[in-house]
Amino acid sequence: MKLMNLVRIVLVATFILAVAACAPAPAPTTVATEAPAVAEQPFGAADCAPNCTYADMVMCYPQLGAESDWRTANTASFKDQSAQLGYKLVFSDAQQKQENQISAIRACIQQGVSVIALPPVVEDGWDAVLTEAQNAGIPVIIVDRSVSADPSMYASHIGSDMVLEGKRAAAEFNKKFPDGAKILELSGTTGSGAAEGRAKGFREDLNANIEIIDSQTGNFTRAEALPVMQAFLKKYKAGEDFQGIFIHNDDMGIGAIEALKAAGVNPGDLFIVSVDGTRGGFQAMIDGWFQADVECNPLLGPQVSEMALALMNGLAIDREVLTNETVYYPDNAAELLPTRQY
Ligand code: AHR
């Protein structure tokens, strides 16, 4: 009997040990002494921290649209990074509609992505969806344009200083027209961080003797800029009523040039400053149509990917990363064009 009891105890103990061995391993925990610096952001690290690699990463990129060559290069930069580094990119194209971006973000939250990188079409109206991401513990990196939401609602912003770009454009007009002038503005998407920032910086630094006689949006596209320029030309006589145009991106600049040429106006007789520094912008400088092109760099994939991995690993990150940019001129445009990546 004693022997039978002993056999039973051994069998039960063996069974318990076997069950314990088959149970799923507990989620990896970070040991305080070994843990890396904790990011100053309200999102926890991923379960794989501190050893997450790109193979663990699923990045949501609800691209705002395909409105310009700049945007095409920006999309390519993220797709290339995902292929090179080996992370999964959940990409969508919102066709310049905020509601499409919000739906795409909600789908990504449902899917449980590791990080959301958001290039916001406009500045306002993100609070609700940013709160949803925050509640789901998914960090959001704002990419390219800014948002008006409180910075505590997202991990970081990586992009251009749009106000500085506007100031750089103003400096070109101030140099060209020390005795004053009348100019037009072809602005980007209304309510976007890019258009608002550029318009603000431009007005802050433009000399008082240079008057912006009219400003209309061309929504950052060639197709929409063309009729806006045509309408300007019906209202104002080029050279007499206005001497220059500040254009918020190269695509709109190219659309405007088409309209000017079609109306029999030589674009080179006006002072045109654009923004982006795309190949199209460089060609317009070589052709004599743009007199300066303020750089806005779309190749943000590498920086955003690196920060996304740092967030997953619970590492400290910078809350704002602004791209270092410059201004390009016609004098060396031909030499630089072959080196342009977008
Ligand atoms: O937000 C960046 C701007 O958006 C670029 O200047 C423009 O080309 C793009 O469409």
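Note: hydrogens, waters and symmetry copies are ignored here, and every other heavy atom, side chains too, is used.
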Exercise. Step by step, would you call D214 with K235 a salt bridge (charged side-chain N to carboxylate O under 4.0 Å, His left out)?
Worked result: CA-CA 10 Å; D214 208 340; K235 255 171 112 178; 3.2 Å; yes
For this session: Would you give the length of the straight line joining atom CD of Q110 to atom CD of E132, rounded to the nearest 0.5 angstrom?
Result: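 It is 10.0 Å, given to the nearest 0.5 Å.
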Exercise. Can you tell me how far CD1 of I212 sits from CZ of F242, rounded to the nearest 0.5 angstrom?
Worked result: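 Rounded to the nearest 0.5 Å, the CZ-CD1 separation comes out at 14.0 Å.
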For this session: Classify the side-chain pair D150/S152 by whether it contains a donor and acceptor separated by less than 3.5 Å.
Result: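 Their side chains do contain a donor-acceptor pair, which is all the 3.5 Å distance test asks for.
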Exercise. With a 3.5 Å cut-off and no angle check, do the side chains of S305 and Y54 form a donor-acceptor pair?
Worked result: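 The answer is no; no qualifying pair exists.
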Exercise. Can you name the disulfide (SG to SG under 2.5 Å) partners of C296, sequence neighbours left out?
Worked result: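 Partners of C296 under the disulfide (SG to SG under 2.5 Å) test: none.
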Exercise. Hey, mind stepping through K200 and E204 against salt bridge (charged side-chain N to carboxylate O under 4.0 Å, His left out) and telling me if it holds?
Worked result: CA-CA 6 Å; K200 179 174 184 281; E204 274 172 10; 2.9 Å; yes
Exercise. What residue pairs, at least two apart or across chains, pass side chain to side chain donor-acceptor pair (under 3.5 Å) with a residue in residues 71-80?
Worked result: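 Side chain to side chain donor-acceptor pair (under 3.5 Å) check on residues 71-80 returns Y61-N74, Q63-R71, Q63-N74, Q63-T75, E67-R71, R71-D144.
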For this session: Please work out which of the three classes, parallel, tilted or perpendicular, describes the rings of F246 and F173, given edges at 30° and 60°.
Result: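 Judged by the thresholds at 30° and 60°, the geometry between F173 and F246 is perpendicular.
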Quiz: residues 260-274 side-chain donor-acceptor pairs under 3.5 angstrom, not counting sequence neighbours:
unit_1, atom_1, unit_2, atom_2, d
N266, OD1, G268, N, 3.0
N266, ND2, D269, OD1, 3.4
S274, OG, N249, O, 3.3
S274, OG, D250, N, 3.3
S274, OG, D250, OD1, 2.6

Can I get a per-line list of side-chain donor-acceptor pairs under 3.5 Å for residues 328-336, giving both atom names and the distance, sequence neighbours left out?
unit_1, atom_1, unit_2, atom_2, d
Y328, OH, E295, OE2, 3.4
Y328, OH, R340, NH1, 3.1
Y329, OH, E172, OE2, 2.5

Exercise. Is the centre of the F78 ring less than 6.0 Å from the centre of the F91 ring?
Worked result: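 When the ring centroids of F78 and F91 are compared, they turn out to be at least 6.0 Å apart.
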For this session: Verify whether the ring centers belonging to F290 and F282 lie closer than 6.0 Å.
Result: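 Distance test on ring centres: not under 6.0 Å, no.
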Exercise. Sequence neighbours excluded, which residues qualify as side-chain contact (heavy atoms from CB on, under 4.5 Å) partners of N219?
Worked result: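 Listed in chain order: Q96, T189, T217, E224.
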Show the atom names and distances, to 0.1 Å, of all donor-acceptor pairs under 3.5 Å that link a side chain in residues 115-130 to residues at least two apart or in another chain.
unit_1, atom_1, unit_2, atom_2, d
E123, OE2, S146, OG, 3.1
D124, OD1, S148, OG, 2.6
W126, NE1, V122, O, 2.8

Problem set entry | Backbone N/O of G239 and side chain of Q243: donor-acceptor pair under 3.5 Å |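 Checking the backbone N and O of G239 against the side chain of Q243, a donor-acceptor pair under 3.5 Å is found.
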